[in-house]
Amino acid sequence: MNRKPLIIALFVLTALLVSQCAPAATPTPETIVVTEEVVVTQEVIVTQEVIVTEIVEVPAEPMEKTVVEFWTTDNEEDRVDVYEAVAQSFMDENPDIEVRIVPIEEAGVSQRIATAVAANRLPDIVRMGIERVAAFAADGILDEDAAEAVVASIGEDDFRAGPLAMVTDPATGQYAAVPYDGWIQAIWYRDDVFQEAGLNAPVAWEDILAACETLPGTGNLLYALTLGTDPGQNYGHQVFEQVAMSNDAWPFDEEGNVTMDTPEMIAALEFYTSLQDCALPGPQYWRGARESYELDQSGMLFYSTYIMDDLVEGSGLESGETLQIAVEDLALNTGFAPEMAGPNGSATYGQLVTLGLMQGASPEAQKVVEYFLQEGYQDVLALAPFGKVPVLKSGVEGWKELSPFFANYSGDTLDQIANGYDSMQRWLFRPDYGATQRAVIGDIEGRLLIPQVISNIALEGIMTPETGAAWLQEQVEALVAERAE
């Protein structure tokens, strides 16, 4: 059998089969396509990965913050700026807390708080005068536990005893608010002249009377002091109130009865008006008192710590000019007697400012108050060093450096100013007085009842201390009746 044709046929068949399979065996174009698709797919994935990364980071940026609302009666623009700067420093250290500073008017504190109570929208912290604390505590809107915690955190021993006593709620025994700063009223006196004349500092009534008799005619002095006798000025009330409290004379007793004609009040009126015998002729108020002292005409001056720069540079006159001080180194030769000691007690007159933590305040508000009493304390005191005397013992040394004017006063005088809180009182601060008594005390001061009586006794001579006290009793009883209607 001839096999050659069969082999040829098989070879031809194999060639045909290979030829038909050839297109499937050319992978190069498809491989390129697949490779491009893979690359595109990888680029999409990479893009998606970047988007996912951004989505993860964005929600981490805004954090849930606790907002602390801080109302302050330091409402002048430059003072608000400082409060906000202190708040910002706190927020930098505590990024989870936002502090909002809200300036308010001192006179409108009670109304603003009443509105906030009605709206169930109390702030967390309120800077306010001590006269508001007792009423707010009685209304139950102060968080006394929070105030206690702040005082304990700062250190109870670091606070002056007087301010702590003034913020103590007699109903609970707790601190109703946290003391912050304030100012002190005193008798400023020519310490150099007192020493030369052998006089004691004018603290006790008898020492003030001794100075009254001795100072006129000593050196250049014409008078011992200038007394507040102008019936149209509140200056006389402020000075007399300290005199009255130093003899334990108050407008009401513990039961709320009017006590303007007690033996203690009569004695206070007699002592005060007797000083007119050695005083600049009236009627006078703070301006005459300040100028007479700076001109070397009188040796004593009733004034608050706000006088300190005036005793260095000279006070402003009504004409707009500045008075030229007649005494060399007057400030350095000036003593400071904040406490007055009478037959039945002693008292210092002034103002205390507090930070009240309100009911419902977040716990973080305590940290804010602590910060304003520590890291930010000197910044706030520096706004008005003469009228912002520190309540913290640890704050005194830094406070002494806040004004170049302090260099003109002795260290003893500055220490006395800082210590003035220890016996500071006001008729309005008495803790057992209720809302009616406090309102009437405001009326007594607002209607200038005390200055009118002082003028009638000391200048006009149409009243005696006894008849003046009787008139005050009638007037104050009528004010109470008005409030009761």
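Values reported hereafter were calculated over all heavy atoms of this structure, with side chains retained and with hydrogens, waters and symmetry mates removed.
Partners of Q437 according to the side chain to side chain donor-acceptor pair (under 3.5 Å) rule, which considers only residues two or more places apart in sequence or in another chain, do not exist here. Applying the salt bridge (Lys or Arg N to Asp or Glu O under 4.0 Å) test to E466 and every residue at least two apart in sequence or in another chain returns nothing. Scanning for salt bridge (Lys or Arg N to Asp or Glu O under 4.0 Å) contacts around E196 gives an empty result, with sequence neighbours left out.
Applying the disulfide bond (SG atoms under 2.5 Å apart) rule to pairs touching residues 235-333 yields C212-C278, sequence neighbours excluded.
Annotation: side chain of V243 is in contact with side chain of F271 (closest heavy-atom distance under 4.5 Å). Counting heavy atoms from C-beta outward, R160 and L164 have side chains that stay 4.5 Å or more apart.
Between the CD atom in Q425 and the CE atom in M245 there is a gap of 5.5 Å [rounded to 0.5 Å]. Here the straight-line distance linking atom CD1 of I325 with atom CG of D296 works out to 11.0 Å at 0.5 Å rounding.
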Please tabulate, one pair per line, all N/O donor-acceptor pairs under 3.5 Å involving side-chain atoms of residues 373-383, not counting sequence neighbours.
from: Y377; atom 1: OH; to: Y180; atom 2: O; distance (Å): 2.5
from: Y377; atom 1: OH; to: V391; atom 2: N; distance (Å): 3.0
from: Q378; atom 1: OE1; to: W399; atom 2: N; distance (Å): 3.2
from: Q378; atom 1: NE2; to: G395; atom 2: O; distance (Å): 3.0

For residues 337-347, dump all side-chain donor-acceptor pairs below 3.5 Å to protein atoms at least two apart in sequence or in another chain.
from: E339; atom 1: OE2; to: S346; atom 2: OG; distance (Å): 3.0
from: N344; atom 1: ND2; to: N247; atom 2: OD1; distance (Å): 2.7

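Relative orientation of the W183 and Y349 rings is tilted, given thresholds of 30° and 60° on the angle between their planes.
Between R79 and D81 there is no salt bridge, since no side-chain nitrogen of the basic residue lies less than 4.0 Å from a carboxylate oxygen of the acidic one.
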For Q351 and R426, what are the C-alpha separation, side-chain angles and deciding distance, and is it a side-chain contact (heavy atoms from CB on, under 4.5 Å)? CA-CA 8 Å; Q351 174 66 317; R426 289 267 293 275; 3.7 Å; yes
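Across all their heavy atoms, Y409 and M308 have their closest contact at OH-O, 2.6 Å.
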